[in-house]
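Here's the structure, in structure tokens; my notes come after.
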Amino acid sequence: MTSERFDPSSADVRWQAAWDAAQTFRADDASPRPRSYVLEMFPYPSGRIHIGHVRNYTMGDVLARYKRMQGFEVLHPMGWDSFGMPAENAAMEQGVHPGGWTRANIKAMTAQLKRLGFSFDWSRELSTCEPEYYGHEQSLFLDLYAAGLVTRKESAVNWDPVDMTVLANEQVIDGRGWRSGALVEKRKLSQWFLKITQFADELLDGLGALKNWPDKVRLMQENWIGKSQGLQFTFWSADRATEVEVFTTRPDTIFGASFVAIAADHPIAQGLAAGDPAVADFIAECRKGGTTAAEIETQEKLGFDTGIRLVHPFDPAIELPLYIANFVLMDYGTGAVFGCPAHDQRDIDFARKYGLPVTRVVADGDLTDPVFVGDEAYTGPGALVNSRFLDGMDVEAAKAEVIARAEQSQWGRGTTVWRLRDWGVSRQRYWGTPIPFIHCGDCGVVPVPKDQLPVVLPEDVDFSVPGNPLERHPTWKHVDCPNCGKAATRETDTLDTFVNSSWYFLRFASQPADRPFDPEVIKQWLPVEQYIGGIEHAILHLLYARFWTRALAHIGLIDVKEPFASLFTQGMVTHETYSRVDPGNGQVVYFSPSEIEKRAVPASPEQAPHETPSGIATSGVDVTVALTGMGIGVAQGSVSPEIAIPVTGQAMKVEQGRVTKVFKRGTDEELNAGRVIKMSKSKKNVVDPDDIIAQYGADAVRWFMLSDSPPERDLPWSEAGIEGCGRFVQRLWRIASGNPQAAADAASNPALHKLMHRTIAGVGADIEALQFNKAVAKLYELAGGIEKAAPSAEKIAAIAVLPRLASPMMPHLAEEMYHALGGTGLVAEAAWPDVDPAALVDDEVTIAIQVLGKLRDTVTVAKGLPREELEALALASEKVQRALDGKAVKKVIVVPDRLVNLVA
RNA sequence: GCGGACGUGGCGGAAUGGUAGACGCCGGGGACUUAAAAUCCCCUGAGCCUUGCUCGUGUGGGUUCGAGUCCCACCGUCCGCACCA
């Protein structure tokens with residue numbers, strides 16, 4: 001019972017229902033099978049599934065399905081990272097409730113995901129905005145608080161005085177709120193922090209064990225944590241009235257010091273400013289500087305000599321001027337440094353500008369002259385010079401010596417400074433996890449008792465006025481103090497949404513109603529065997545999740561320390577862009593590539609004004625791209641003339657097949673074929689997954705996501721590419737439905753037998769290595785091999801194995817093929833085919849014969865032929881003799897079963 | 001500026017130091033068809049004096065019997081960080 005064509009529109013839903021009915025993808029905690037936890041980063045419910053999600057989840061799905069076929073009990077869950085700002089923005093813009101908006105989005109996106117046939121265990125679906133999730137998060141937060149890992153401290157935030165809200169750094173544009181346009185103020189607020197710095201060392205050391213993480217991500221985290229070892233010590237003025245604590249990673253260069261500099265925000269600078277308007281002016285000048293990358297780069301080094309002189313710790317006779325400098329950061333180290341211009345580029349820039357001494361203390365080869373020439377600091381290795389007792393030591397020895405002496409004389413100590421800050425988790429926002437604390441006039445900050453959890457976010461809130469709706473809710477924040485019973489108020493800050501995503505992988509593994517998770521169940525699933533997501537989460541999300549896992553292990557709730565054994569960061573899905581500068585207002589207008597089709601039209605109206613564009617390129621006529629005229633003065637919805645762009649970039653208007661106008665290059669009407677970039681609404685180059693599933697079926701879309709580009713690189717979307725995938729789906733279907741009867745006397749086909757087993761082994765290895773593009777190529781080869789083969793038992797066997805090989809990637813088609821071939825049950829539950837190791841061994845090999853490293857001939861011989869025979873065969877070749885041209889062979893390189901290279 | 005990745009046909013890309021361009025897309029030719037779609041077959045890096053030869057993996061050097069692959073320098077593209085003491 002087979003139809004001519006595979007019809008995804010009926011097959012997809014049919015098999016999705018079958019998997020559902022059989023509970024195929026339900027992970028069983030009680031299963032005797034070994035465990036495999038495959039996880040993709042869960043999405044924010046923005047409204048629509050993006051093609052990038054499709055790529056991400058397809059990769060995870062292939063691995064999860066393959067692992068299941070390999071006999072693993074697979075946990076492959078899906079859920080929603082559903083707290084966050086877009087819901088509040090929608091509430092303000094559209095007058096809807098954040099919860100309603102979010103839940104409607106989840107519903108729509110769930111339907112989209114189901115259309116793709118992903119093998120998710122939907123019974124474990126979770127949504128972080130529901131009390132069933134965030135209530136447990138509050139409980140964990142209280143546990144961390146009890147363990148001393150949560151603190152409250154004053155911290156500066158970006159405050160938008162019009163919207164009455166705190167802004168993230170990314171929301172501050174040119175010093176103004178992105179929505180209100182109001183000048184942003186720095187405000188000090190008492191905020192909640194998680195003590196991630198307490199785990200800085202562990203988080204850094206732990207990276208070393210994450211062998212299956214991309215080096216790039218480990219390096220980014222390492223830099224983010226930013227460990228620096230050095231010496232912290234105090235400079236005093238001769239009269240002991242001023243002391244400046246500095247930190248340096250180069251204590252060895254202490255005899256090259258020529259100034260001390262403090263940040264504009266440093267207490268000493270602030271103190272001086274109070275009594276001296278000139279200092280105050282200078283500090284104001286420093287603050288003016290922008291904070292963007294480009295501004296910092298071009299910013300000049302500025303300094304202000306305070307007039308204060310500090311004495312050198314090793315010799316009171318040496319005095320150093322104390323400057324206030326704009327390049328010193330208050331929030332790193334101690335907010336003060338000593339400058340050694342000869343060996344630090346920043347310091348030499350500063351010293352040259354203010355005429356300070358530049359003394360060489362590390363020899364650059366034979367250069368030992370104390371007078372340092374030039375404007376480029378020497379930061380390389382060398383021996384200490386001009387440094388008294390340090391002379392002759394190498395840099396490392398000198399560092400150790402200075403630290404030892406400082407500690408002995410008690411004016412300094414060896415120390416470690418981190419770039420990593422404690423994690424501020426307070427958000428003055430409505431749509432987040434309420435922080436479970438109560439402020440009492442008498443008792444201070446009191447944790448909400450666990451039996452009163454969850455602290456539920458009220459739904460009846462008002463977004464018509466700016467500010468945090470929790471603040472002005474009539475009843476919500478008013479509670480009695482759990483401690484003394486007096487009237488008190490709830491904390492109205494909510495948790496950073498990164499907290500939600502810092503432990504969701506635990507809740508997926510185990511979700512009892514009465515506690516966050518069951519440690520015994522966690523033990524059998526964690527760590528996640530393979531985590532897949534975007535590189536944009538290389539630092540924050542992945543660092544926070546690692547921290548939470550360690551913190552929970554630290555307080556004994558779990559005993560896994562690293563949540564993700566392997567990490568894979570996939571590339572983006574890109575698409576071409578088309579744009580044009582609108583001559584009217586000078587703004588760039590984008591056109592959707594979906595409106596573009598290739599066709600030939602005359603290159604100019606002059607050339608052939610009445611030619612009808614045909615589908616055929618003829619010589620002398622440019623191949624052009626025709627674009628319907630959305631956005632070029634044509635009202636949407638009307639019948640548009642077309643805009644055609646020849647490959648050279650010149651655009652023309654085509655009406656009813658006639659070129660009526662040319663948008664000349666170099667004029668203000670030029671139309672540009674832009675770069676291939678990430679899909680984005682504003683560039684009008686998005687492709688909606690629903691549209692392409694409807695057109696080609698889920699399997700073709702999945703297959704495209706895996707084809708061609710290596711998964712870590714960007715994948716360029718193309719219409720031709722997805723069409724090719726659709727064709728391959730049909731091709732496989734024809735193979736399976738073609739009824740390949742082997743004639744009784746048909747010759748056997750050992751080559752196909754080998755190809756089949758090579759493919760089974762290769763596809764499996766490629767999937768495990770996440771090299772899906774290679775697995776795809778191997779399946780194409782097997783399909784081609786089967787099609788070319790004459791009827792034989794091997795051909796029947798190869799066809800029979802095809803559904804199982806295709807199942808992880810094209811699950812709906814695979815089920816259909818499996819049943820067409822008489823399979824019972826579900827191929828999704830079938831075992832991955834066995835490999836015959838004997839079939840992987842070739843008994844014949846092709847030997848390359850080279851002369852002087854250049855290929856001259858090949859011979860096919862039995863495997864394992866001895867060297868002498870290979871050599872003789874090589875010399876017997878006519879082509880080789882011609883290449884040798886009578887020259888004597890001086891040397892023969894033989895690589896058995898591979899090649900012979902004759903050196904003449 | 002610092003750190004990292006990458007550079008192979010018209011395009012996406014294959015290639016444990018050992019036959020460069022697997023596989024796919026595009027393109028060309030043919031078969032089938034009244035015709036089209038679909039499908040199938042063949043060709044498809046460049047050049048040439050075409051039984052074959054020469055050149056060819058960003059550029060220039062090097063190591064090697066042999067380099068897309070290893071080393072050095074440079075050019076270009078992309079990404080991350082950013083005055084971190």
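Chain letters run A, B, ... following the sequence lines, proteins first and then strands; every chain starts at 1.
Mapped onto RNA chain B by nearest heavy atom, A:Leu852 and A:Thr846 fall at different nucleotides, with A:Thr846 at the one closer to the 5' end.
OP1 or OP2 of B:rC84 has at least one side-chain nitrogen or oxygen of A:Arg346 nearer than 4.0 Å. Within the 4.0 Å cut-off from OP1 or OP2 of B:rG24, not a single side-chain nitrogen or oxygen of A:Asn773 is found. Side-chain N/O atoms of A:Lys216 include none lying less than 4.0 angstrom from OP1 or OP2 on B:rG4. Proximity of A:Arg882 to the phosphate of B:rG52: no side-chain N or O atom is located under 4.0 Å from OP1 or OP2. Taking 4.0 angstrom as the limit, A:Arg218 places none of its side-chain polar atoms (N or O) nearer than this to OP1 or OP2 of B:rG3. Taking side-chain N and O atoms only, A:Ser718 has no distance below 4.0 Å to OP1 or OP2 of B:rG12. Residue A:Arg713 places none of its side-chain N or O atoms closer than 4.0 Å to OP1 or OP2 of B:rU77. Here A:Tyr332 reaches the OP1 or OP2 of B:rA85: one of its side-chain N or O atoms lies under 4.0 Å away.
To the nearest whole angstrom, the two P atoms, one in B:rC75 and one in B:rC43, are 44 Å apart. Of the P atoms belonging to B:rG10 and B:rU57, the separation is 13 Å, rounded to the nearest Å.
Nucleotide B:rG7 is matched to B:rC75 when pairs are restricted to Watson-Crick or G-U wobble geometry with both distances under 3.5 angstrom. Across every strand in view, B:rA46 sits in a pair with B:rU54 that passes the Watson-Crick or G-U test at under 3.5 angstrom. With a 3.5 Å ceiling on both atom-pair distances, the Watson-Crick or G-U wobble partner of B:rU39 is B:rA31. Using the Watson-Crick or G-U wobble rule with both distances under 3.5 Å, B:rU16 pairs with nothing in any strand shown.
Scanning atom types as modelled, one donor and one acceptor separated by under 3.5 angstrom connect the side chain of A:Arg898 and the base of B:rU16. Taking only distance into account, the side chain of A:Lys774 never meets the base of B:rC23 through a donor-acceptor pair shorter than 3.5 Å. For B:rG18, the base has a donor-acceptor partner in the side chain of A:Gln850 [N/O atoms by modelled type, under 3.5 angstrom].
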Pair A:Tyr323-A:Phe350, ring pair (Phe, Tyr, Trp, His ring centres under 6.0 Å): steps then yes or no: CA-CA 10 Å; A:Tyr323 278 80; A:Phe350 191 80; 5.2 Å; yes
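The nearest whole Å value for the distance from the NZ atom in A:Lys227 to the P atom in B:rG3 is 21 Å.
Applying the side chain to side chain donor-acceptor pair (under 3.5 Å) rule to A:Thr234 yields the partners A:Glu245; only residues at least two apart in sequence or on another chain are considered.
Checking A:Asp714 against A:Thr574 by side-chain atom types alone, no donor-acceptor pair falls below 3.5 Å.
Distance from the side chain of A:Phe247 is smallest to B:rA85 among B:rC40, B:rA85, B:rG80.
A:Lys227 NZ: more than 12 foreign heavy atoms inside a 6.0 Å radius.
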